[in-house]
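Lettering follows sequence order; numbering is per chain, from 1. Both backbone and side-chain heavy atoms feed into the values below; hydrogens, waters and symmetry mates do not. Everything quoted here is computed from the prediction, not taken from an experiment.
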Amino acid sequence: MLVKYEFLKIVRKKSTLIVMAVSLILTGFLFGLPIMQYQIYNQDGVIKGTKGIAYEKEQFADLSVPLSEEYVAETIREVQGLFENPDNIGTDGNEQFLVGDAYWNGIAPREKLLNLIADTYSSPNDRWGYNHLPDLDVKEGKPFYQAMKGKIQTLLDSPSRALSDEQKEYWGGMADKVDTPLQYGYYGGWEIIISSFELLMFALLAICIVTAPVFSGEYQAGTDAVILSAKYGKTRLTTAKIAASLLFGTAAFILHVVVACGLPLAAFGIDGWNLPLQIANTTVPYPYTFLQAVLINIGIIYLVLLAMIGLTLLLSAKMKSPYLVLIILVPILFIPMFLTPNGTTGIYNLLLFLMPYRSAMPEFDKYISYQFGGLVLDVITVRAVFYAILTVIMLTLARLGFKKHQVA
Amino acid sequence: MELQLQDLRKQYGEKCAVNNVSVNLAPGVYGLLGANGAGKTTLMRMICGVLKPTSGNIRLNGKTVEQLGEQYYTHLGYMPQDFGFYPDFTAREFMLYMAAVKGLDKRLAKKRTENLLHMVNLSDVADKKIKSYSGGMKQRLGIAQAELNSPSILILDEPTAGLDPKERVRFRNLISDFAKEKIVILSTHIVSDVSYIADTILMMKQGHFLLQEPMSTVTDSIRGKVWELLVDERTAAEYSRKFSVVNLHHENDMVRLRMIEETAPGEDAQMVEPGLEDLFLYYFGEEAGRQEER
Ligand SMILES: Nc1ncnc2c1ncn2[C@@H]1O[C@H](COP(=O)(O)OP(=O)(O)OP(=O)(O)O)[C@@H](O)[C@H]1O
Ligand SMILES: [Mg+2]
C-alpha cells in the first residue's frame, strides 16, 4: 500500500518522465550508433549498415566450425600457400600483405579468424595479423591450443603484472576450464554489447537523479513534519520508500537493458550466444559463452545500480535538497572515467577497477584479481560481493538517516 | 489521558529555544500564546517527535515516547506551521496517502477522508491538484489530515495564519468541533483566535511559560489595572513615555489611551474590563505590540 504510493510519487513527477525519456533515447542512440556506422569492404567498395551486416554474416556461414588443430593448421597452410606466389604480395616497406584476388578471396572473408589465429602465436607485446602466418612453421608442430595456453602463461608471468603465484594458479586453472576445441562462428551483436557496457552509466545516473528526491524532496517540500509524526513515518514508510526506489530502479534498468541489448541483437542477430568468449580473444580466461558473459556483467551493473541507489538514498536522507545529493553523486559516478589504470595489481589499480564507472566494464582479458591471504578472487566476484555489501550498508544508513531526521 | 512535559529543553548553540518547560496537560483546548521566536514551534515539534529535545522528556499516561514507539504516534495529529504538500497530488490522494502512513486500514481511510473533506468544505475540489489550491484551502486540508486518525492529541501550529477573517471564524468552529475529549494545543500570536475557543492559556516568552491559567480567570491578574483615558495629542505622548500604554486610538483631535497601571494614571481615567489582548500586551509590551495583527 505505502510502496504503491511511494512508487506513484516517483513516477508521477514530470521530471521523472523527462529524465527517463532522455536517458532511454541517449542509450538507444549510443547502442544504435555501431549499427548506423557499421561498414565492411569488398572488392567493389564499401557496404554500409544492415546490408553490410548481412554480407558479413554470409561470409561467416562457412566459418561456423570447431577450431580443431587440423582445421587451424590447414588454414595456416592455405594462407602460407597464398604468400608463396610473389604476384599476390604487396608491401608498405615494413610488412608484407596480400593484394588483389588473393586478398579478397583468400583473406577478406575470414580475416577476423586469421587474425585471431595469428595473434595467438604472437608474443604479448605484439599484435599480429594474418600476414604473420607465413612465419609459422606448421610442420614443426605448433599446436594452436598449446600456443594459446603458452600465451596466457607468458601474460601471467610478465613482471609488470606482478601477480603472486596463487593468482597465476587461479587464472591458469580458470583458463584450463575453457572447452577446446573452440567452436567458431558469428558473434557481431555480442561483441558490440560487451564493448559498450560502460555506456549504461548514463542510465544509472538517470535512475539516481530520479531517486534523489525520495527523502530530501520531503524536507524540501516541508512535508517531513507530517509524515514523520505519523504512525509509520519512521518505520514502514521508510521501508516503503526504499522498496519503491529499488522497484523503480529495477524497472527502469530492465527497460534500458532491453534497449541497449535489443538494438544490437536485432540488427546483428543473436548468433553467437552459445559460442565461447575466446573466439574474440584467445587470452580471455573466463570459460563463458557470450550470453553468459553478457548476463553476468549485466548482473554486476545491476548490483552497482543498487549500491548507487543506496548511496543516493543515504545522501537524500541526509541532505536538505535533491540538488545537493546530485552534486555529490555525479562526481562519484563519473570521476573514475577520467582515471586510467597504470597496471593491474597496484592498490590504486585494484581500487580503480572497483569504482562504479570501471565496474561497468567487464575487463574479461585483464586478469584482475584480489588476494586475501591465500584466497584469490577475480574482479567480477569481488565486484559482486563489494556492491552487494555496499547496498546493504547504504540502505541501512539511509533508513537510519531518515528516522533520525530533525525537523528544524 | 494525560500528556506530561518534564523539564523539556531545546538548545540551538548558545540559544535556548525552549527552556525547561514542565506542564501536565489533561483534555481541553490550550491556547499557546507567544511573540515571534518565543519557542512555540520548537515546543510543538518536540511534542510531535520530529525534533529531539536537548534534555527532558515527554510522557503520555506515564510512558515515555521511546517506550510507546509507534503507539505514541497513533494518538497524535499534527498540523505544522508552513508545511508543504505534494503539488501533484489531489486532496483526496493526499488524504488517502496520509491515512496509509498513519496506518488506517483501507475502508476506514476512505470513510474518514470523505467525512473530513466534507467537514472542511473541500469535497467539491477533492480531485483537483493541490497546487491549484488557495492558502485557505491548503490550511483546511492541513487540519483535515491532522484529524484523519481521530487523534487524542491535536497539535496545531498557527492554523489560522494567513486566513481572512471569514475563514478564521470558520476555522475556529472546525477546531471546536474536533476538540471534544482531546488535548488540543493551538499556537498563535493572534489573541482573538484563542479567546473564543481555548479553555486554558499558556503564555510563552523566550522559551519558557510565563503563565498557565484557565481562560475564565486568566485576566484576573490585571483586573482593576486596565484604564482608559481621553487626552490631547501632546499629553498622549507624555503618557506613552511614563506609563505602559497598550493601545492608543485617535478620535478627532483627541487620543484614547488604554493603559495597564496599578493605580489610576490620571483623574479622568476610567477603569475598564480587561481582555486577553491587554494581558498579552502587558507581558510582551513593545516587542509584540509592533507585530500584533489587528
Ligand atoms: N534550526 C534552528 N537553528 C537555530 N535556531 C533556531 C532553529 N529553529 C528555531 N530557532 C530559534 O529558536 C527560537 C524559537 O523559535 P520558534 O520557531 O520555536 O518560535 P515561534 O514561537 O514558533 O515563533 P513564530 O511565532 O515566529 O512562529 C527562535 O529564536 C529561533 O531563532
Ligand atoms: Mg512558530
Side-chain angles (χ1 to χ4, degrees), chain A residues 1-19 210 212-244 248 316-318 320-322 399-408, chain B residues 10 12 17 41-42 44-54 65 68-90 93-106 109 129-131 138 141-143 145-146 148-149 151 153 155 157:
Chain A
M1 202 45 195
L2 282 173
V3 178
K4 188 189 94 187
Y5 277 116
E6 291 301 333
F7 190 78
L8 278 181
K9 256 199 227 170
I10 296 175
V11 296
R12 269 278 193 78
K13 278 195 205 122
K14 227 177 258 153
S15 59
T16 302
L17 298 180
I18 294 170
V19 170
V210 169
V214 164
F215 294 116
S216 60
E218 305 282 357
Y219 311 157
Q220 198 185 33
T223 43
D224 47 353
V226 268
I227 59 179
L228 282 170
S229 62
K231 182 180 181 192
Y232 292 144
K234 294 173 181 173
T235 51
R236 292 192 203 182
L237 181 70
T238 323
T239 312
K241 279 178 173 298
I242 291 172
F248 172 82
S316 184
K318 294 276 188 196
K320 282 200 175 69
S321 91
R399 174 195 298 275
L400 214 62
F402 186 60
K403 194 176 162 178
K404 292 255 159 79
H405 172 69
Q406 300 287 298
V407 179
Chain B
K10 181 70 198 181
Y12 287 115
T41 298
T42 306
M44 290 179 146
R45 281 175 177 158
M46 290 192 287
I47 295 174
C48 293
V50 297
L51 183 66
K52 218 175 142 67
T54 307
V65 177
L68 288 166
E70 277 180 355
Q71 204 54 38
Y72 177 73
Y73 298 96
T74 60
H75 295 286
L76 210 62
Y78 180 30
M79 175 183 175
Q81 184 175 14
D82 319 310
F83 72 115
F85 295 92
Y86 308 110
D88 290 323
F89 273 43
T90 66
E93 284 169 337
F94 179 70
M95 290 289 279
L96 289 173
Y97 171 73
M98 283 311 300
V101 183
K102 287 173 178 232
L104 270 60
D105 75 47
K106 240 179 168 165
K129 291 203 168 163
I130 300 176
K131 64 180 163 203
K138 285 184 190 163
L141 182 58
I143 193 165
Q145 68 77 26
L148 262 173
N149 51 328
I153 304 169
I155 310 284
D157 198 354

Problem - For A:A225 against B:V50, the heavy-atom pair lying closest together - result: O-CG1, 3.7 Å
Problem - Closest contact, heavy atoms only, B:C48 versus A:S229 - result: O-CB, 3.4 Å
Completion exercise
Under 4.5 Å to a heavy atom of chain B? For A:K404 that would be neither
Practice task
Name the region of B:L96, side chain, backbone, both or neither, that has any atom closer than 4.5 Å to a heavy atom of chain A.
Solution key: both
Problem - Greatest number of heavy atom pairs closer than 4.5 Å to chain B - which of A:A408, A:G233, A:G217 - result: A:A408
Completion exercise
So, the part of A:L228 with a heavy atom under 4.5 Å from chain B: the answer is both
Handout entry: Between B:R45, B:M79, B:K102, the one whose heavy-atom pairs under 4.5 Å with chain A are most numerous
Key = B:R45
Problem - Partner set under salt bridge (charged side-chain N to carboxylate O under 4.0 Å, His left out) for A:K9, not counting sequence neighbours - result: A:E6, A:E218
Handout entry: Proximity breakdown for B:F83 and chain A, heavy-atom pairs closer than 4.5 Å
Key = both
Practice task
Check whether any side-chain heavy atom of A:K231 sits under 4.5 Å from a side-chain heavy atom of B:N149, and report yes or no.
Solution key: no
Practice task
Could you grab the distance from atom OH of B:Y97 to atom OG1 of A:T223, nearest 0.5 Å is fine?
Solution key: 7.5 Å
Problem - Note, B:M98 side chain near A:I227 side chain (heavy atom, < 4.5 Å) - result: yes
Problem - chain B interface, residue from A:V407, A:L8, A:V226, A:D224 that has the most non-hydrogen pairs under 4.5 Å - result: A:V407
Exercise for the section: Check whether B:Y72 gets within reach of chain A through its side chain, its backbone, both or neither, counting any heavy atom under 4.5 Å. Expected result: neither
Handout entry: Contact origin within B:Q71 toward chain A - heavy atom pairs under 4.5 Å
Key = neither
Completion exercise
For B:E70 and A:T235 the tightest heavy-atom approach is OE2-OG1, 2.6 Å
Problem - Gap separating the CZ atom of A:R12 from the CD atom of B:E93, nearest 0.5 angstrom - result: 4.0 Å
